[in-house]
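Just so you know, residue 1 is the first one in the sequence shown, and it goes up from there. Atoms within each ligand, like the ligands themselves, are counted from 1 in listed order.
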Amino acid sequence: MRLLLVEDDALLSDRLRGELQRAGFAVDVTDNGVDAGFMGGSEPYDMVVLDIGLPGRSGLEVLRDWRAAGNPMPVLVLTARDAWHEKVDGFKAGADDYLSKPFHTAELIARLHALLRRGIARPPGPLQAAGLELDEEAQTVRVTATDATVELTGTEFRLLRYLMLHPGRVLSKSRLVEHVYDFDAERDSNVLEVYINRLRRKFGRDLIATRRGQGYVFGTDDA
Ligand code: CA
(Lines give C-alpha, C1' and ligand atoms only; values in the text may rest on other atoms or scores of the structure.)
Protein backbone atom coordinates (compact mmCIF):
# COMPACT_ATOMS: atom_id res chain seq x y z
CA MET A 1 0.00 0.00 0.00
CA ARG A 2 1.37 3.35 -0.99
CA LEU A 3 1.00 6.14 1.56
CA LEU A 4 1.62 9.90 1.42
CA LEU A 5 2.81 11.40 4.70
CA VAL A 6 2.42 15.18 4.97
CA GLU A 7 4.07 16.58 8.09
CA ASP A 8 6.30 19.62 8.60
CA ASP A 9 7.73 18.54 11.96
CA ALA A 10 10.93 16.91 10.68
CA LEU A 11 11.55 14.80 13.79
CA LEU A 12 8.02 13.42 13.84
CA SER A 13 8.03 12.88 10.09
CA ASP A 14 11.31 10.91 10.13
CA ARG A 15 10.11 8.71 12.96
CA LEU A 16 6.73 8.06 11.34
CA ARG A 17 8.27 7.30 7.97
CA GLY A 18 10.45 4.56 9.47
CA GLU A 19 7.65 3.06 11.53
CA LEU A 20 5.16 3.11 8.64
CA GLN A 21 7.71 1.47 6.36
CA ARG A 22 8.28 -1.25 8.91
CA ALA A 23 4.50 -1.72 9.04
CA GLY A 24 4.55 -2.49 5.31
CA PHE A 25 3.66 0.84 3.67
CA ALA A 26 5.58 2.34 0.75
CA VAL A 27 5.90 5.91 2.06
CA ASP A 28 6.38 9.23 0.26
CA VAL A 29 6.94 12.28 2.45
CA THR A 30 6.45 16.01 2.00
CA ASP A 31 6.62 18.86 4.52
CA ASN A 32 4.38 21.49 2.87
CA GLY A 33 0.86 21.97 1.58
CA VAL A 34 1.80 22.99 -1.97
CA ASP A 35 3.73 19.81 -2.78
CA ALA A 36 1.17 17.72 -0.89
CA GLY A 37 -1.65 19.06 -3.08
CA PHE A 38 0.27 18.24 -6.23
CA MET A 39 1.46 14.78 -5.14
CA GLY A 40 -1.95 13.68 -3.84
CA GLY A 41 -3.57 14.87 -7.07
CA SER A 42 -1.16 13.11 -9.39
CA GLU A 43 -0.03 9.86 -7.71
CA PRO A 44 -2.38 6.95 -6.91
CA TYR A 45 -1.97 6.84 -3.13
CA ASP A 46 -3.90 4.23 -1.16
CA MET A 47 -4.05 6.60 1.79
CA VAL A 48 -2.79 9.90 3.19
CA VAL A 49 -1.70 11.02 6.66
CA LEU A 50 -2.17 14.80 6.56
CA ASP A 51 -1.06 17.32 9.16
CA ILE A 52 -3.40 20.34 9.28
CA GLY A 53 -0.91 23.07 10.26
CA LEU A 54 1.45 23.23 7.27
CA PRO A 55 3.56 25.88 5.56
CA GLY A 56 2.43 26.91 2.07
CA ARG A 57 -1.18 25.81 2.28
CA SER A 58 -3.06 24.35 5.21
CA GLY A 59 -3.94 20.67 5.23
CA LEU A 60 -7.63 21.61 5.18
CA GLU A 61 -7.29 23.59 1.94
CA VAL A 62 -5.35 20.74 0.34
CA LEU A 63 -7.96 18.20 1.42
CA ARG A 64 -10.87 20.35 0.18
CA ASP A 65 -9.21 20.60 -3.24
CA TRP A 66 -8.71 16.83 -3.49
CA ARG A 67 -12.35 16.19 -2.61
CA ALA A 68 -13.60 18.93 -4.98
CA ALA A 69 -11.67 17.14 -7.73
CA GLY A 70 -13.44 13.88 -6.84
CA ASN A 71 -10.40 12.21 -5.27
CA PRO A 72 -11.75 9.56 -2.85
CA MET A 73 -8.47 8.31 -1.28
CA PRO A 74 -8.74 7.75 2.48
CA VAL A 75 -7.26 10.66 4.47
CA LEU A 76 -6.41 10.67 8.17
CA VAL A 77 -5.73 14.18 9.52
CA LEU A 78 -3.34 14.98 12.35
CA THR A 79 -4.71 17.73 14.59
CA ALA A 80 -3.01 19.88 17.20
CA ARG A 81 -3.46 19.01 20.85
CA ASP A 82 -6.83 20.20 22.25
CA ALA A 83 -7.86 21.82 18.95
CA TRP A 84 -11.34 20.27 18.78
CA HIS A 85 -12.39 22.66 16.01
CA GLU A 86 -9.68 21.17 13.76
CA LYS A 87 -11.39 17.80 14.04
CA VAL A 88 -14.75 19.29 13.02
CA ASP A 89 -13.17 21.27 10.19
CA GLY A 90 -11.26 18.17 9.10
CA PHE A 91 -14.39 16.05 8.78
CA LYS A 92 -16.17 18.89 6.94
CA ALA A 93 -13.28 19.08 4.49
CA GLY A 94 -13.61 15.36 3.78
CA ALA A 95 -11.31 13.59 6.27
CA ASP A 96 -12.04 9.93 7.01
CA ASP A 97 -10.43 9.86 10.44
CA TYR A 98 -8.24 11.95 12.72
CA LEU A 99 -5.62 11.65 15.45
CA SER A 100 -4.66 14.38 17.94
CA LYS A 101 -0.99 15.00 18.69
CA PRO A 102 0.74 13.53 20.53
CA PHE A 103 -0.24 9.97 19.62
CA HIS A 104 1.24 6.48 19.67
CA THR A 105 2.31 5.17 16.26
CA ALA A 106 0.63 1.86 17.06
CA GLU A 107 -2.72 3.70 17.18
CA LEU A 108 -2.01 5.45 13.88
CA ILE A 109 -1.20 2.14 12.20
CA ALA A 110 -4.29 0.43 13.65
CA ARG A 111 -6.45 3.30 12.34
CA LEU A 112 -4.82 3.10 8.90
CA HIS A 113 -5.51 -0.65 8.72
CA ALA A 114 -9.13 0.01 9.71
CA LEU A 115 -9.43 2.67 6.99
CA LEU A 116 -8.00 0.28 4.41
CA ARG A 117 -10.51 -2.39 5.40
CA ARG A 118 -13.37 0.07 5.11
CA GLY A 119 -12.25 1.25 1.67
CA ILE A 120 -12.12 -2.26 0.25
CA ALA A 121 -15.15 -3.54 2.22
CA ARG A 122 -13.08 -6.26 3.82
CA PRO A 123 -14.44 -8.35 6.65
CA PRO A 124 -12.56 -8.04 9.94
CA GLY A 125 -9.81 -10.56 10.64
CA PRO A 126 -6.80 -11.60 8.61
CA LEU A 127 -6.78 -11.00 4.86
CA GLN A 128 -7.56 -14.28 3.06
CA ALA A 129 -7.45 -15.14 -0.63
CA ALA A 130 -6.52 -18.12 -2.82
CA GLY A 131 -5.71 -20.42 0.09
CA LEU A 132 -3.42 -17.92 1.80
CA GLU A 133 -3.94 -16.02 5.02
CA LEU A 134 -1.87 -12.87 5.53
CA ASP A 135 -0.75 -11.78 8.99
CA GLU A 136 -0.31 -8.04 8.47
CA GLU A 137 1.37 -7.44 11.81
CA ALA A 138 3.94 -10.22 11.57
CA GLN A 139 4.18 -9.83 7.76
CA THR A 140 3.94 -13.60 7.30
CA VAL A 141 1.59 -15.87 5.34
CA ARG A 142 -0.15 -19.03 6.47
CA VAL A 143 -0.83 -21.58 3.74
CA THR A 144 -4.28 -22.89 4.63
CA ALA A 145 -3.81 -26.35 3.04
CA THR A 146 -0.61 -27.23 4.91
CA ASP A 147 -0.83 -24.84 7.89
CA ALA A 148 2.75 -23.77 7.07
CA THR A 149 3.84 -20.23 7.95
CA VAL A 150 6.02 -18.50 5.35
CA GLU A 151 8.17 -15.42 5.99
CA LEU A 152 8.09 -12.49 3.55
CA THR A 153 10.53 -9.68 2.80
CA GLY A 154 9.15 -6.12 2.92
CA THR A 155 8.65 -5.89 -0.85
CA GLU A 156 7.14 -9.40 -1.08
CA PHE A 157 4.70 -8.43 1.68
CA ARG A 158 3.59 -5.19 0.01
CA LEU A 159 3.17 -6.90 -3.36
CA LEU A 160 1.30 -9.92 -1.98
CA ARG A 161 -1.02 -7.74 0.11
CA TYR A 162 -1.93 -5.67 -2.93
CA LEU A 163 -2.57 -8.83 -4.98
CA MET A 164 -4.66 -10.41 -2.19
CA LEU A 165 -6.79 -7.26 -1.95
CA HIS A 166 -7.56 -7.50 -5.70
CA PRO A 167 -8.03 -11.23 -6.49
CA GLY A 168 -9.20 -12.21 -9.96
CA ARG A 169 -8.52 -8.76 -11.41
CA VAL A 170 -6.07 -7.96 -14.19
CA LEU A 171 -3.41 -5.73 -12.61
CA SER A 172 -0.99 -4.01 -14.96
CA LYS A 173 2.70 -3.92 -14.14
CA SER A 174 2.64 -0.14 -13.91
CA ARG A 175 -0.28 -0.19 -11.46
CA LEU A 176 1.49 -2.74 -9.25
CA VAL A 177 4.71 -0.72 -9.33
CA GLU A 178 2.80 2.46 -8.39
CA HIS A 179 1.15 0.86 -5.37
CA VAL A 180 4.06 -1.21 -4.09
CA TYR A 181 6.99 1.21 -4.35
CA ASP A 182 7.60 4.74 -3.07
CA PHE A 183 9.23 7.51 -5.14
CA ASP A 184 12.74 6.73 -3.98
CA ALA A 185 12.61 3.04 -4.80
CA GLU A 186 13.92 1.70 -8.07
CA ARG A 187 10.57 1.61 -9.85
CA ASP A 188 11.37 -0.78 -12.62
CA SER A 189 8.93 -3.35 -13.98
CA ASN A 190 11.76 -5.89 -14.42
CA VAL A 191 12.30 -5.76 -10.68
CA LEU A 192 8.58 -6.34 -10.22
CA GLU A 193 8.84 -9.51 -12.30
CA VAL A 194 11.58 -10.77 -10.02
CA TYR A 195 9.27 -10.38 -7.01
CA ILE A 196 6.30 -11.98 -8.82
CA ASN A 197 8.53 -14.98 -9.51
CA ARG A 198 9.69 -15.13 -5.90
CA LEU A 199 6.06 -15.29 -4.76
CA ARG A 200 5.40 -18.04 -7.32
CA ARG A 201 8.34 -20.05 -6.01
CA LYS A 202 7.05 -19.73 -2.45
CA PHE A 203 3.37 -20.40 -3.12
CA GLY A 204 3.13 -22.21 -6.46
CA ARG A 205 3.28 -21.13 -10.08
CA ASP A 206 -0.48 -21.12 -10.54
CA LEU A 207 -1.05 -18.48 -7.88
CA ILE A 208 -0.27 -15.58 -10.22
CA ALA A 209 -1.15 -15.87 -13.90
CA THR A 210 0.58 -13.75 -16.54
CA ARG A 211 -1.66 -12.07 -19.12
CA ARG A 212 0.56 -11.15 -22.04
CA GLY A 213 0.59 -7.42 -22.65
CA GLN A 214 -1.90 -6.79 -19.83
CA GLY A 215 -0.28 -7.74 -16.55
CA TYR A 216 -1.01 -10.29 -13.84
CA VAL A 217 -4.04 -11.97 -12.29
CA PHE A 218 -3.84 -13.28 -8.73
CA GLY A 219 -5.69 -16.33 -7.53
CA THR A 220 -7.24 -17.73 -10.70
CA ASP A 221 -6.97 -21.21 -12.16
CA ASP A 222 -6.25 -20.18 -15.74
CA ALA A 223 -2.50 -19.75 -15.31
CA1 CA B 1 2.42 21.16 11.61
Number of protein N, O or S atoms [distance to the Ca ion (ligand 1) under 3.0 Å]:
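For the Ca ion (ligand 1), the figure is 3.
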Given side chains that start at C-beta, do those of L60 and R64 come closer than 4.5 Å, heavy atoms only?
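SC-SC contact between L60 and R64 confirmed.
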Assess whether a salt bridge exists between D31 and R17, defined as any Lys/Arg side-chain N lying under 4.0 Å from an Asp/Glu carboxylate O.
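No.
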Going by distance alone, is a donor N or O of one side chain under 3.5 Å from an acceptor N or O of the other, for T105 and E19?
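Result is yes, a qualifying pair exists.
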Is it the case that D28 and Y45 place a side-chain donor and acceptor less than 3.5 Å from each other?
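Yes - a donor-acceptor pair under 3.5 Å links their side chains.
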What are the two closest heavy atoms between P44 and R2, and how far apart are they?
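Minimum heavy-atom contact is CD-NH1, 4.1 Å.
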Passing candidate, side-chain hydrogen bond (donor to acceptor under 3.5 Å, both in side chains) with K101, options D82, D51, D9, T79:
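Of the listed residues D82, D51, D9, T79, the side-chain hydrogen bond (donor to acceptor under 3.5 Å, both in side chains) partner of K101 is D51.
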